[in-house]
Amino acid sequence: MLTASEEPATTGGRVTLIGGGPGVEDLLTVRAKQALREADVVLYDRLGPYRTLPQLAPGAELIDVGKTPGHHPVSQAEIEKLMVAKAREGKHVVRLKGGDPFVFGRGGEEVNTCLAEGIPVTTVPGISSSIAVPAAAGIPVTYRGVAHAFTVISGHQPLTDTEFEALAKLGGTIVVLMGIGTLPQLTSGLRKAGLASSVPVAIVEKGYSPEQRTTVTTLGDAVTAAGRARCASPAVVVIGEVVRQHRDFSATLEHVLAQPLGAS
Ligand code: SAH
């Protein structure tokens with residue numbers, strides 16, 4: 001048996017990092033679907049379209065490395081070790097991530113690990129929830145004359161005062177991922193930095209799932225509203241005037257026509 005240092009750098013194995021989009025199969029790209037079809041192993045978590053993986057990646061070994069907030073069944077180091085070990089066995093390893101792999105997905109770290117280990121790696125971009133989840137609630141992140149910039153931030157850790165001030169000064173739309181846990185710091189930080197309490201806020205939970213829900217509130221009331229509605233992760237928080245555009249796209253024309261005449 002070869003020891004680690006005697007192992008050949010590559011044995012035909014490779015890694016493809018795929019952005020799976022916001023969780024439904026038909027928002028995967030054509031390229032992502034192609035890579036899944038060719039996969040020997042798929043490492044996935046529950047933000048991507050994991051439910052139909054047996055059909056999307058027939059014959060592949062499917063490994064759930066999912067992380068839910070506060071609960072990390074497989075650590076990042078272990079995920080990377082597994083990815084490298086499977087590729088060293090000569091396998092085509094697909095790492096399927098939610099949204100886009102390079103938006104708060106630690107995709108950059110996984111690419112660097114592969115490169116350091118001499119394993120060929122490619123990436124397939126995905127539809128990021130930072131744009132797609134607001135859109136699912138009818139909220140365009142930019143709107144002519146209303147917001148000509150949007151800033152995507154992680155709420156994983158509270159922001160500094162300097163960051164809040166910069167955000168408040170920049171204007172435009174603020175999109176927060178992983179922001180439910182730090183909503184109190186976020187809203188108070190932005191108000192202290194000068195944003196009005198009346199600035200509209202939308203909390204869009206579980207985008208593109210049957211449980212999708214939008215809570216519309218204001219910067220001043222967001223914490224109370226989120227508590228009352230028991231808002232939970234995964235959710236995208238949108239802050240800014242564009243929130244006034246929100247509408248329920250689940251009420252499609254089909255639904256409207258299915259209503260009996262005269263029903264509201
Ligand atoms: N790389 C991903 C983001 C990973 S961070 C992307 O580009 O979308 C994980 C966070 O993304 C979640 O905590 C949540 O804020 C957001 N998110 C991802 N999918 C979501 C969905 N379907 N509905 C609501 N929020 C989602």
Side-chain angles (χ1 to χ4, degrees), residues 16-29 31-32 42-53 64-76 79-80 94-111 123-139 141 150-159 173-187 201-217 222 226 229-240 243 246 248-250:
T16 307
L17 243 76
I18 292 181
V24 282
E25 184 187 321
D26 58 354
L27 287 177
L28 273 170
T29 64
R31 193 178 293 192
V42 181
L43 307 181
Y44 67 96
D45 47 53
R46 268 156 278 168
L47 277 178
Y50 69 94
R51 283 192 180 84
T52 51
L53 272 178
D64 182 0
V65 294
K67 296 179 229 167
T68 46
H71 179 66
H72 289 206
V74 186
S75 72
Q76 182 65 23
I79 294 173
E80 291 178 19
V94 164
R95 171 73 174 108
L96 178 66
K97 303 170 98 58
D100 184 273
F102 289 163
V103 178
F104 308 134
R106 304 190 77 167
E109 292 163 53
E110 291 172 14
V111 165
T123 66
V124 178
I127 297 181
S128 177
S129 65
S130 53
I131 300 170
V133 171
I139 303 168
V141 290
F150 66 99
T151 309
V152 180
I153 61 172
S154 160
H156 187 57
Q157 267 162 359
L159 268 61
T173 308
I174 302 168
V175 179
V176 193
L177 304 193
M178 299 175 280
I180 294 295
T182 50
L183 199 60
Q185 292 95 319
L186 181 76
T187 50
V201 172
I203 302 167
V204 190
E205 297 165 86
K206 296 193 176 143
Y208 296 91
S209 79
E211 297 93 53
Q212 178 179 320
R213 179 173 72 153
T214 307
T215 304
V216 178
T217 175
R230 295 181 196 279
C231 289
S233 203
V236 173
V237 181
V238 191
I239 302 166
V243 166
H246 88 92
D248 184 3
F249 277 156
S250 62

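Side chains included, hydrogens not; waters and symmetry mates left out as well; all remaining heavy atoms used. Each ligand, and each atom within it, is numbered from 1 in the order the structure gives.
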TODO: With atom 22 (N) of ligand 1 as the reference point, say which of P22, P234, S209, G20 has the nearest heavy atom.
DONE: P22

TODO: Compute the minimum heavy-atom distance from K97 to ligand 1 and say whether it is under 4.0 Å.
DONE: no

Task: Contacting atoms of ligand 1, where contact means under 4.0 angstrom from a heavy atom of L177 - done: 3 (C), 11 (O), 15 (O)

TODO: Kindly say whether K206 contributes a backbone atom to a donor-acceptor pair with the side chain of E211 at under 3.5 angstrom?
DONE: no

- [ ] Test V237 against every option in V176, T182, I174, T215 by the side-chain contact (heavy atoms from CB on, under 4.5 Å) rule and name the one that passes.
- [x] V176

Open item on the list: For the backbone of A229 and the side chain of R213, can you confirm whether one donor and one acceptor N or O come within less than 3.5 Å of each other?
Closed with: yes

Task: Flag, side chain of T173 to backbone of V141, donor-acceptor distance under 3.5 Å - done: yes

- [ ] Would you mind finding which of G21, S128, G98 brings a heavy atom closest to atom 7 (O) of ligand 1?
- [x] S128

- [ ] May I ask which of G207, A132, S129 has a heavy atom nearer to atom 19 (N) of ligand 1 than the others do?
- [x] S129

Open item on the list: With a 4.5 Å cut-off on side-chain heavy atoms, are Q76 and E110 touching?
Closed with: yes

TODO: Pull out every atom of ligand 1 sitting under 4.0 Å from any heavy atom of K206, numbered as shown with elements.
DONE: 23 (N), 24 (C)

Task: atom 10 (C) of ligand 1: the protein heavy-atom neighbour that sits closest, reported with distance to 0.1 Å - done: M178 CG, 3.8 Å

Open item on the list: Among all the protein's non-hydrogen atoms, which is closest to atom 14 (C) of ligand 1, and how far away is it?
Closed with: A235 O, 3.5 Å

- [ ] State the SG-CG distance between C231 and L183, to the nearest 0.5 angstrom.
- [x] 8.0 Å

- [ ] Enumerate the atoms of ligand 1 whose separation from the nearest heavy atom of V236 is less than 4.0 angstrom.
- [x] 25 (N)

Task: For atom 6 (C) of ligand 1, the protein heavy atom that lies nearest, with its residue and separation - done: G99 CA, 3.3 Å

- [ ] List every atom of ligand 1 that sits less than 4.0 Å from any heavy atom of L47, numbering the atoms from 1 in the order shown and giving each element.
- [x] 9 (C), 18 (C), 19 (N)

Task: For V103, the ligand 1 atoms whose distance to one of its heavy atoms is below 4.0 Å - done: 1 (N), 2 (C), 3 (C), 4 (C), 7 (O)

Open item on the list: If I compare all heavy atoms of A202 with all of T214, which pair ends up nearest, and what's the gap?
Closed with: CB-CG2, 4.3 Å

Task: Test item: D45 side-chain N/O and G66 main-chain N/O as donor-acceptor pair under 3.5 Å - done: no

